[in-house]
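Reviewing the structure listed below.
Quick note on labels: first sequence line is chain A, next is B, and so on, each numbered from 1.
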Amino acid sequence: MSIHNDSEFKSALDQLPVAEQRKLAARFAQSVSPLCKDSRVAAAIEAGLQSVTGDDKLTPIYNAVRGVCVESYTECGHMADWANQAGHFVAEAAAACVMPEVALHGANPAWDAAMRARMARTCASIADGSGTETSEAKNQYHLLDEYLNA
Amino acid sequence: MTVNEILTWVRGPAMQFALVIFFLGVVVRILEMWLLGRTPDLSLARRSGFIPGLRTVFHRSIPAPGLLQRQPLVYLGGYTFHLGFFISLIFFAPHIQLFYGVWGIRWPGLPAYLIDFVAVVSIAALVALLVHRFVNPVRRYLSNGGDYLAWLVTFLPLFTGYLVAHESVLPYAQMLTLHILSVELLLIVLPFTKLTHSFTLFLSRWYNGAMAGRKGVAS
Amino acid sequence: MSAKALEHGINAFVEQIDRPVASFFNSCVHCGMCADACLFYTETGDPKYTPIHKLEPMRKVWKQKFTFWGKLMYKLGLSKPVTEAELEEWEPLVYDSCTLCGRCSLVCPVGNDITYMIRKAREGMVAAGHAPDGLKGATIRAVEIGSPMGVTWKTVQAQIKHTQENTGLQIPVDQKGADYMVIMSSMEIVNFPEYLGSLARIFKEAGISWTICSDATEATNSGIQIGSSDIAAQLVQRIVDGAEKLGVKYVISPECGHAYTAIRWEGPNLIGRPYPFEVIHILELLDQLREQGRLRTEGTETARMSFHDPCQLVRRGGLVEQPRRLLKMVASNYVDMPDPGIWNWCCGGGGGVSANDRADALQLRVFSRKKSQLDTARVETLVTCCANCRIVLEDGLEHYQMAIPVVGLTETLAKHLVTTPQETAKTETEQGEG
């Protein structure tokens with residue numbers, strides 16, 4: 001099977017168990033991780049890839065990466081630094097991987113991470129002025145395809 | 001001059017003088033305010049602000065949620081002395097007699113012992129509020145000479161009035177003289193201090209309610 | 001600052017003093033209740049944050065220019081004029097410890113609209129050159145670049161392209177004769193681009209005819225925040241020009257508090273004429289669509305959700321009922337925090353405060369009030385509809401180590417949107433250029 005659009009993408013993701021959603025979330029975040037050098041983000045992505053479970057383990061990693069998210073927001077009235085903004089969305093994608101069970105409330109970490117990763121790519125392309133010729137979405141369909149067919 | 005001559009002067013020319021200052025002062029204050037004008041609001045209103053304005057004139061007397069608990073004395077003490085002041089002024093027989101002499105209309109009064117009680121409670125409330133003004137950090141920070149002057153000229157008529165009725169400190173004629181003088185002092189001072197709130201508060205509340213009301217907010 | 005600058009400041013105060021201002025100053029009895037309503041006093045206990053006290057320089061000018069006794073005292077030299085030093089001392093009071101939230105105006109027993117006066121006082125401060133650097137920078141960027149955050153049409157185009165790819169929908173640009181013109185705050189373009197995608201999807205389902213205007217994308221108004229009517233008018237005029245050029249019936253104000261105040265309530269007064277179009281807030285439109293059955297949702301959020309009322313939209317804007325009506329469509333476990341609706345407490349960052357780094361520590365400190373509200377209501381997810389509130393809330397929550405996600409109302413509705421099949425069939429590869 002091959003993923004061509006977001007409807008197929010989302011429905012395939014929704015069918016996976018949470019542990020696998022987290023793994024894929026981590027893969028999506030990993031794809032854009034060069035845009036953010038913070039070690040807390042790397043730790044969160046790693047935890048996602050390793051399918052770390054249990055809120056006792058996830059919570060400290062989540063809190064740490066949320067810290068990066070909050071630090072990297074561009075505040076109202078401040079000059080937007082698009083490279084920094086890209087890093088912000090990478091952190092958000094990484095946070096989605098390790099959101100504790102108790103806070104998930106039915107959300108799909110993989111979908112959330114995918115959306116954030118796409119925003120990270122868009123911000124990066126604004127930063128370097130290259131436009132958005134390369135679509136992160138296509139990468140993500142690829143990643144999911146590979147994962148499902150493996 | 002004899003005591004009676006002073007009293008006659010205080011009731012007569014001095015009172016006229018005080019009333020003239022009072023009326024002139026109030027008129028000037030109103031004009032100074034009114035002539036500033038107000039540019040019409042060109043934004044599209046959700047509704048007319050007129051009724052909401054009127055509503056707020058009355059409704060604003062009700063303490064906002066949580067604030068009565070935070071500052072009970074400000075509200076309770078404030079309402080007590082305001083109400084007490086007006087009850088003593090309007091429903092005390094000698095005052096009714098005075099107004100009848102001036103305007104030719106009279107109305108039923110309250111028994112003297114009740115007015116007594118109201119006066120004492122009002123005086124107590126005023127004293128409590130003065131203490132609060134020293135003790136509460138915000139009020140102490142904000143307060144200036146004008147606040148203390150306003151307190152004094154409000155306190156004196158109530159206090160001297162109570163003493164007139166009880167002839168305890170001075171004989172009747174002297175105490176009455178002081179009482180009327182205190183009223184004249186209040187009249188002269190009112191237009192030039194925060195006591196102007198006695199008539200401007202209606203306009204302020206109306207503006208508040210109208211400006212919020214035209215946006216659809218019940219303030 | 002020069003003597004000339006001080007003179008400009010005093011003149012600006014004089015210009016701003018109108019009949020309501022005089023009535024308010026005449027009525028103040030120094031009861032101090034405004035302090036008990038103000039976040040900055042209740043959370044710090046510092047009486048200098050008393051709202052009416054923030055107006056002291058303007059009050060002095062009123063007294064000395066517009067009252068008999070004040071004029072007399074001034075002439076006799078018994079009353080001193082406002083000084084440079086005073087304006088400098090008052091600058092943090094007027095800008096760091098006031099978000100124009102409006103709570104003080106709701107509680108004043110004599111009815112003073114203190115917020116109205118602080119907005120006017122800022123005109124004097126800015127004319128004298130006394131405004132926070134961060135806000136000055138934001139305002140300069142707004143005028144020169146078109147956005148206080150440096151967003152350009154190019155960046156908007158990139159976000160449009162991103163949105164088109166994600167939603168599979170075309171974003172209309174510069175469509176003459178469309179019914180609705182969408183403007184956005186820079187905050188949404190930079191931090192919450194999902195807002196545009198949410199709009200696109202909701203409007204598609206509801207059959208709304210809409211467009212973005214390439215000349216007028218920016219909704220925020222730094223002029224309002226810093227207190228410069230000239231600049232505020234300039235920024236509003238851009239939107240008006242765009243809307244008139246495209247001949248739209250409505251301009252949709254986005255999820256940003258002060259943007260609404262600027263375009264909806266101050267705008268016509270700034271430019272000196274009513275608009276030939278109507279301003280509608282996105283929540284008003286969504287609520288209308290809900291009523292007409294054109295906004296259909298399915299499924300609900302299970303988290304214990306509460307709503308943070310943005311001050312400029314609810315208390316100062318009049319959108320009191322709409323947010324909860326909309327949120328309850330998708331929140332099965334909704335609770336109000338203490339002091340909801342028009343009584344809610346400010347996030348602490350509005351009115352230019354978040355553009356002002358000097359106010360950072362104070363902003364975080366007074367967040368304790370919001371924390372207390374959230375703790376009492378045991379909120380699990382917080383919903384709001386102002387992009388600045390969102391970030392200020394997240395900042396505060398992080399500072400106080402509270403793990404409560406903050407989400408936007410429009411995007412939450414869009415998440416649960418009932419979509420007709422055709423929309424989902426379009427692939428991202430079939431979408432054209434932005």
Would you give the length of the straight line joining atom [atom1] of [X] to atom [atom2] of [Y], rounded to the nearest 0.5 angstrom?
X: B:L36; Y: C:W62; atom1: CG; atom2: CH2; result: 10.0 Å
X: B:M211; Y: C:S105; atom1: CE; atom2: OG; result: 8.0 Å
X: B:T196; Y: C:F25; atom1: OG1; atom2: CZ; result: 12.5 Å
X: C:C28; Y: B:D147; atom1: SG; atom2: CG; result: 8.0 Å

What part of [X] gets within 4.5 angstrom of chain C, counting heavy atoms only: side chain, backbone, both, or neither?
X: B:R214; value: both
X: B:A150; value: neither
X: B:R60; value: both
X: B:Y75; value: side chain

Given a strict heavy-atom distance threshold of 4.5 Å, which part of [X] is in contact with chain B: side chain, backbone, both, or neither?
X: C:I52; value: side chain
X: C:W343; value: side chain
X: C:Y116; value: side chain
X: C:V320; value: side chain
X: C:E321; value: neither

Sidechain N-carboxylate O distance under 4.0 Å for C:K65, B:E32 | no

Is B:R38 paired with C:D18 through a side-chain N to carboxylate O contact shorter than 4.0 Å?
-> no

Heavy atoms only: give me the nearest [X]-[Y] pair and the separation to one decimal.
X: B:V138; Y: C:P47; result: CA-CB, 4.0 Å
X: C:L319; Y: B:R46; result: CD2-NH2, 3.3 Å
X: C:G32; Y: B:L142; result: CA-CD1, 4.0 Å
X: C:A22; Y: B:M33; result: CB-CG, 3.7 Å
X: C:D113; Y: B:N208; result: N-ND2, 3.7 Å

Residue from C:F66, C:Y49, C:W69 scoring the most non-hydrogen pairs under 4.5 Å with chain B is C:F66

Pairs of heavy atoms under 4.5 Å with chain B: top-ranked of C:P274, C:G267, C:A35, C:G317 | C:G317

Side-chain ([X]) to main-chain ([Y]) donor-acceptor, under 3.5 angstrom:
X: B:S219; Y: C:L106; result: no
X: B:K194; Y: C:V29; result: yes
X: C:R316; Y: B:A212; result: no
X: B:R205; Y: C:P109; result: yes
X: C:R315; Y: B:V217; result: no

Are C:N269 and B:D41 close enough, and set up right, to give a side-chain hydrogen bond (donor to acceptor under 3.5 Å, both in side chains), and what steps lead you there?
-> CA-CA 6 Å; C:N269 298 311; B:D41 195 331; 2.9 Å; yes

Best-contacting candidate, B:G216, B:A45, B:G37, against chain C by heavy atom pairs under 4.5 angstrom = B:G37

With no hydrogens and no angle check, do the side chains of B:T200 and C:S23 hold a donor and an acceptor under 3.5 Å apart?
-> no

